[in-house]
2 protein chains.
Amino acid sequence: MTNNLKKLKQVLAKEGLRFTCQREEVWKEILSSGEHRDADEIYHSLREKGISVSRATVYRTIDVLVKYNMVRKLDVGVGPSKFEHKIDISHHDHIICMKCGKIEEFVVNQIENLQERVAEQYSFKLVRHIHQLFGICKDCQ
Amino acid sequence: MTNNLKKLKQVLAKEGLRFTCQREEVWKEILSSGEHRDADEIYHSLREKGISVSRATVYRTIDVLVKYNMVRKLDVGVGPSKFEHKIDISHHDHIICMKCGKIEEFVVNQIENLQERVAEQYSFKLVRHIHQLFGICKDCQ
DNA sequence: CTTAACTTGAGACTCATTATCAATAAGGAT
DNA sequence: ATCCTTATTGATAATGAGTCTCAAGTTAAG
């Protein structure tokens, strides 16, 4: 955990940003859960714990964390974006139920490799990708 | 082309919707280009041609077209969604330059198959997917 | 041709996210 | 430790894509 705080400090330093208790709290809050939550949920969770941050600061902090690959932004097609931390989490993509909104995670290494090859083919330097499968889950069919 | 109009009529009938000249014009406008355009661009293109439609109607019509797989909605991560028709167009995914916004299309059948297998594995009935690679293109590196 | 029901368009509205800016806090220099 | 410069914060206004409203106009079934 201390390691993760160090990581935040490093990243802020690299960006020429200051280490503040708000940024620390936002980061800790995101780390505290493996759920996919939106900015408002993170904001309210902090508020309930008596920690005073503003929505603006939550958004601003998440931006930095996303830029440095510590948090993943998940656009689920409707409503606000969801976020999840990427610490000690192996890479995965998502399969999303269009009815109930359930999100499952999946990984197929073969797909990951094929993606790299596509990027090479088009002479792109690959930075990130979105791979989301949308369908109807067993319960909703 | 007449075929595509027929398709629109069929789809509208299936949805219990009426065939109107606005819906026809929106559909023809989308068909007229292979570009990835947003709703506003489509709206303005119609207006420039002297065709009177409202933004609301453009959005409403696109919704139906997307629902029936005649148009694909492309969320490019920033700004408005882009749309492209899917007539006589084989399936493809996108690789997008994060600097200049250039969009290239790619297909890897192997990935398509692997996706199907993932859906099966999670007992999802697969409806659609988003697969977008984000990176820096050759020119922007 | 009538009529009931659907569609349209202009603009109001929503809601996620971003910008503004005065007040506050951080942290390097002294 | 105390300034002092500069970044940050938070409350709120602003933005922008997309949706909703509803009166007026169309459609098409009978």
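A, B, ... follow the sequence lines: proteins, then strands. Residue 1 opens every chain. The analysis underlying the following values was restricted to heavy atoms, covering all of them including side chains, and did not include hydrogens, waters or symmetry mates.
Within residues 61-71 of chain A, no residue has a heavy atom under 4.0 Å from DNA chain D. Near DNA chain C, meaning a heavy atom under 4.0 Å away, there are no residues from residues 41-52 of chain A.
Partners of B/Asp88 according to the salt bridge (Lys or Arg N to Asp or Glu O under 4.0 Å) rule, which considers only residues two or more places apart in sequence or in another chain, do not exist here. In this view, B/Lys9 satisfies the salt bridge (Lys or Arg N to Asp or Glu O under 4.0 Å) rule with no residue, not counting sequence neighbours. Scored by the side chain to side chain contact (heavy atoms under 4.5 Å, CB included) test, B/Thr57 finds B/Gln22, B/Val53, B/Ser54, B/Arg60, B/Thr61 as partners (sequence neighbours excluded). In this structure B/Glu24 satisfies the salt bridge (Lys or Arg N to Asp or Glu O under 4.0 Å) test together with B/Lys28, sequence neighbours excluded.
The residues A/Asp75 and A/Lys82 are annotated as not salt-bridged, no charged nitrogen and carboxylate oxygen being separated by less than 4.0 angstrom. Ion pairing between A/Arg37 and A/Glu29 holds under the 4.0 Å rule for side-chain N and carboxylate O.
The CZ-P distance, from B/Arg55 to D/dG16, rounds to 13 Å in whole Å. Separating the NZ atom of A/Lys73 from the P atom of C/dA16 is a distance of 13 Å, rounded to the nearest angstrom. One can place CG of B/Asp75 at 12 Å from P of C/dT17, the figure rounded to the nearest angstrom. The nearest whole Å value for the distance from the CD atom in B/Glu25 to the C1' atom in D/dT26 is 16 Å.
In this structure, the side chains of A/His85 and A/Met70 stay at 4.5 Å or more apart for every pair of heavy atoms. By the 4.5 Å heavy-atom criterion applied to side chains, A/Arg72 and A/Val66 are not counted as neighbours. Side-chain contact between A/Asp93 and A/Val107 is absent, with no heavy atoms from C-beta onward closer than 4.5 Å.
Projected onto DNA chain C by closest heavy-atom contact, B/Ala56 and B/Leu17 fall at different nucleotides, the more 5' of which corresponds to B/Leu17.
A side-chain hydrogen bond (donor to acceptor under 3.5 Å, both in side chains) with A/His92 holds for exactly one of A/Glu104, A/Lys86, A/Glu84; it is A/Glu84.
Judged as a ring pair (Phe, Tyr, Trp, His ring centres under 6.0 Å), the pairs with a partner in residues 96-141 of chain A (not counting sequence neighbours) are, in order, A/His91-A/His129, A/Phe106-A/His131, A/His131-B/His131. Within the structure, every pair that satisfies the ring pair (Phe, Tyr, Trp, His ring centres under 6.0 Å) test and touches residues 26-54 of chain B, not counting sequence neighbours, is listed here: B/His36-B/His94.
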For nucleotides 21-30 of chain C, give me one character per nucleotide, 5' to 3': B if any protein heavy atom sits under 4.0 Å from the base, S if the only such contacts are to the sugar-phosphate, - if neither.
----BBS---
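Within 6.0 Å of the CD atom in A/Glu112, the count of heavy atoms belonging to other residues, nucleotides or ligands exceeds 12.
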Detail all sub-3.5 Å separations between protein N/O atoms and N/O atoms belonging to nucleotides 12-15 of chain C.
none

Would you mind writing out the side-chain donor-acceptor pairs for residues 12-21 of chain B within the sub-3.5 Å range, not counting sequence neighbours?
{"unit_1": "B/Glu15", "atom_1": "OE1", "unit_2": "B/Lys67", "atom_2": "NZ", "d": "3.4"}
{"unit_1": "B/Glu15", "atom_1": "OE2", "unit_2": "B/Lys67", "atom_2": "NZ", "d": "3.2"}
{"unit_1": "B/Glu15", "atom_1": "OE2", "unit_2": "B/Tyr68", "atom_2": "OH", "d": "2.7"}
{"unit_1": "B/Thr20", "atom_1": "OG1", "unit_2": "B/Arg23", "atom_2": "N", "d": "3.2"}

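In this structure, the helix from C/dC1-D/dG30 to C/dT30-D/dA1 shows an angle of 30° between the axis at its start and the axis at its end, each fitted on 5 base pairs and rounded to 10°.
Taking CD of B/Glu116 as the reference point, atom CD1 of B/Ile111 lies at 13.5 Å (rounded to 0.5 Å). To the nearest 0.5 Å, atom CG of residue A/Leu46 and atom CD of residue A/Glu41 are 12.0 Å apart.
Here B/Tyr59 does not reach the OP1 or OP2 of D/dT19: none of its side-chain N or O atoms lies under 4.0 Å away.
Considering only the side chain of B/Thr57, C/dG9 comes nearest among C/dA16, C/dG9, C/dT7. Picking from C/dT17, C/dA19, C/dA10 the nucleotide with the shortest atom distance to the side chain of A/Ser81 gives C/dT17.
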